[in-house]
Protein chains: 2
Amino acid sequence: MSITIKDIAQIAGVSYSTVSKALNNSPLVKKDTKDKIIAIAKEMGYEPNFAAQRLVSKRTKLVGLIWPTIERVVLATLVTKISDEIRKTPYSMILSVDPIEASLETFRKFQVDGIILFEEEGDRMIETHPIPLLSYGVSGKTFSPFPIIDANHGQAMHDAIQYLYELGHRKIAYIGDISSKDPMQLAKYNGFIQAAKKYKLAVDPHYLVNTEGLDWYNGYSAAKKLISHSPLPTAVVGGSYDISSGIIRGLKENQLDIPKDISIISYDNIPQMANLEIPLTAIGVPVDQLAKEIVHTMIQQIEEQDSEPTVKKLQPLLHERASCTSVKA
Amino acid sequence: MSITIKDIAQIAGVSYSTVSKALNNSPLVKKDTKDKIIAIAKEMGYEPNFAAQRLVSKRTKLVGLIWPTIERVVLATLVTKISDEIRKTPYSMILSVDPIEASLETFRKFQVDGIILFEEEGDRMIETHPIPLLSYGVSGKTFSPFPIIDANHGQAMHDAIQYLYELGHRKIAYIGDISSKDPMQLAKYNGFIQAAKKYKLAVDPHYLVNTEGLDWYNGYSAAKKLISHSPLPTAVVGGSYDISSGIIRGLKENQLDIPKDISIISYDNIPQMANLEIPLTAIGVPVDQLAKEIVHTMIQQIEEQDSEPTVKKLQPLLHERASCTSVKA
DNA sequence: TTGAAAGCGCTACCAT
DNA sequence: ATGGTAGCGCTTTCAA
């Protein structure tokens, strides 16, 4: 049997309701008493009984996160960061690896206060769901019944191209996955196309390489395919962390020096970019900020029931490393 | 406010303690009443209040699982299967992606009844931990303060070699990661060496290729390295799912036909083996069985406090697909 | 500023 | 077979 506020009350010589207040930092308790009680609690190794707390205050202070099915380093990083972020708040996070329906079932059982999910899956059955929801993804429609955190992939691609353009690049290739209906992938691709148009780049069709997958190897093969045609581009934009790491290998295996022969910039602004064979300049909303925004918005949504579900487009950031160089016009 | 047993009691015209019994399928309630109550409960969409249940019955029926840091398809599959398995029991699982210390903190807060973790990390501080623990890993020492589920990697390698031997293979290579101190990787490597000795195979040093990593690409490079020397082996044992998928690519890129030119068998008995470019014959404890065993043992450990923490070595199974062929001596 | 007491939803025991 | 009730540990009035 673990120790309860009654035990503390006994030792401290106060009533247990006072202990409760003290532990919750209520202003209704004299500072002396409060300090004493807190000290005793700590000394006794008191841990509040979660179930009891939840029972009485209808909030569970629990957020559920549905683990995305796709295995990606970036997503794993994001989930971890979200977890870190939540740990700084009074909330706790529980994860479910089950398919969405089963996850919702579990979360309902735990009576979580809010649910975070990744991309679209939300759309379907969830409209009716009473639990505050938040989705990380692409805000296709400008209206949504629940808030969406959007990493603004299109903007990111624009910024990448602008950056390369200003370095003098005119022949820029895009290597990414556009085989699926994944809105994030499409948003990147479309963003590239649009920005290329804006900067009047002549995009040779073979500068657009569809990796048809998100794996390392897909980027690797795509890179080889890209350099099998001439003229070679002077820069390439990689669609994701994994893809770009494959591109590096593909280029290196063909004795192409990065960035001397070819510059490369990658989508996904995660710290791991620095640990690749060649640290890559990257574009995207920094994963920490993404996590912060997701958690913050989720909690706000929970605590202010009336707050409008907003679609929040975040600002991508360009993180320079040594993988791009300027080129004479 | 969601509905409670009192609401049900009112509708059913019985006391709420009767409802509680009925819902818990107590034999103390007449079948008629029970059926009626259950029907009403279902109709009203009743969900028991988790917190209240937990508060009164000291068990939480919660199992915590610490998500392994290493990103592997196989582990993700295992975690998912464990989740599926737990969903069949009265228990629920919560996942933590935090580092072990923080995870334990969280789990203590949730007052989980048991904790599952992957490999050794348990050893350290956990000795003192009062919560039943179970580890999936390698049972180096035969004694352990908590139960260990061991996939018996050594035996698996033995079985693989026996299989190949009986097909007539005498030149067998091993491609796997032996650069880290990961006991699972070492167990496989050592198992290979031992079995090779047993079958009196002359293991040319270049038949042992250290991938120095667990990624696809590591297997790919290793395969290329392997075939750069002659004589080529007639069969190769891949150390893991990812590694083997890299091996396939490496061999194919060099116009080597599987299994005509070279047979391949991979560790990791997961269904995904069938979806590779070339469906691979695989050896290992089937992931479903692993999950079943882990969950079953965990629950037993929780419910029978006195049960001895056993080290359970599981029996690997060889799943034949079309990647191995016999060879004339 | 502190204490007493109600009650969250449920299980389990005792009474009927 | 069913009902009444205590109490799990806590928060939150309300009273002192």
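Per chain, numbering begins at 1; letters A, B, ... match sequence-line order. Just so it is clear, the model here is predicted, and its values are computed rather than measured.
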Gap between atoms [atom1] and [atom2], on [X] and [N] respectively (whole Å):
X: K34(B); N: dA1(D); atom1: NZ; atom2: P; value: 10 Å
X: I8(A); N: dG9(D); atom1: CD1; atom2: C1'; value: 11 Å
X: K6(B); N: dC8(C); atom1: NZ; atom2: C1'; value: 9 Å
X: I3(B); N: dC8(C); atom1: CD1; atom2: P; value: 16 Å
X: L23(B); N: dT2(D); atom1: CG; atom2: P; value: 14 Å
X: R59(A); N: dC10(D); atom1: CZ; atom2: P; value: 20 Å
X: F50(B); N: dC10(C); atom1: CZ; atom2: P; value: 13 Å
X: K30(B); N: dG3(D); atom1: NZ; atom2: P; value: 10 Å

The side chain of [X] is closest to which nucleotide in this list: [options]?
X: L55(A); options: dC10(D), dG9(C), dG3(C); answer: dG9(C)
X: V56(B); options: dT11(C), dT2(C), dA6(C); answer: dT11(C)
X: K21(A); options: dA4(C), dT2(D), dC10(C); answer: dA4(C)

Determine the contact category for S17(B): base if any of its heavy atoms lies under 4.0 Å from a base atom, sugar-phosphate if only primed atoms, P, OP1 or OP2 are that close, otherwise nothing. base

Within the 3.5 Å criterion, strictly below it, is a donor on D113(B) or T60(B) matched to an acceptor on the partner's side chain? yes

Hey, are S92(A) and K109(B) close enough side-chain-wise for a donor-acceptor pair under 3.5 Å? yes

Under-4.0 Å side-chain N/O to phosphate OP1/OP2 contact, [X] with [N]:
X: Q53(B); N: dG9(C); result: no
X: Y46(A); N: dC10(D); result: yes
X: S20(A); N: dT11(D); result: yes
X: S15(A); N: dA4(C); result: no
X: N24(A); N: dT11(D); result: yes
X: T33(A); N: dT2(C); result: yes

Residue met sooner reading DNA chain C from 5', once L28(B) and N49(B) are mapped to nucleotides: N49(B)

Which is more 5' along DNA chain D, the nucleotide nearest A51(A) or the one nearest V14(B)? Just name the residue. V14(B)

Measure from NZ or CZ of R54(B) to the centre of the six-membered ring of F50(B), then state whether that distance is under 6.0 Å and the direction lies within 45° of the axis. yes

side-chain hydrogen bond (donor to acceptor under 3.5 Å, both in side chains) with K34(B): of T18(B), N24(B), N25(B), only one passes, and it is N25(B)

Got a salt bridge between K81(A) and D84(A), using NZ or NE/NH1/NH2 to carboxylate O under 4.0 Å? no

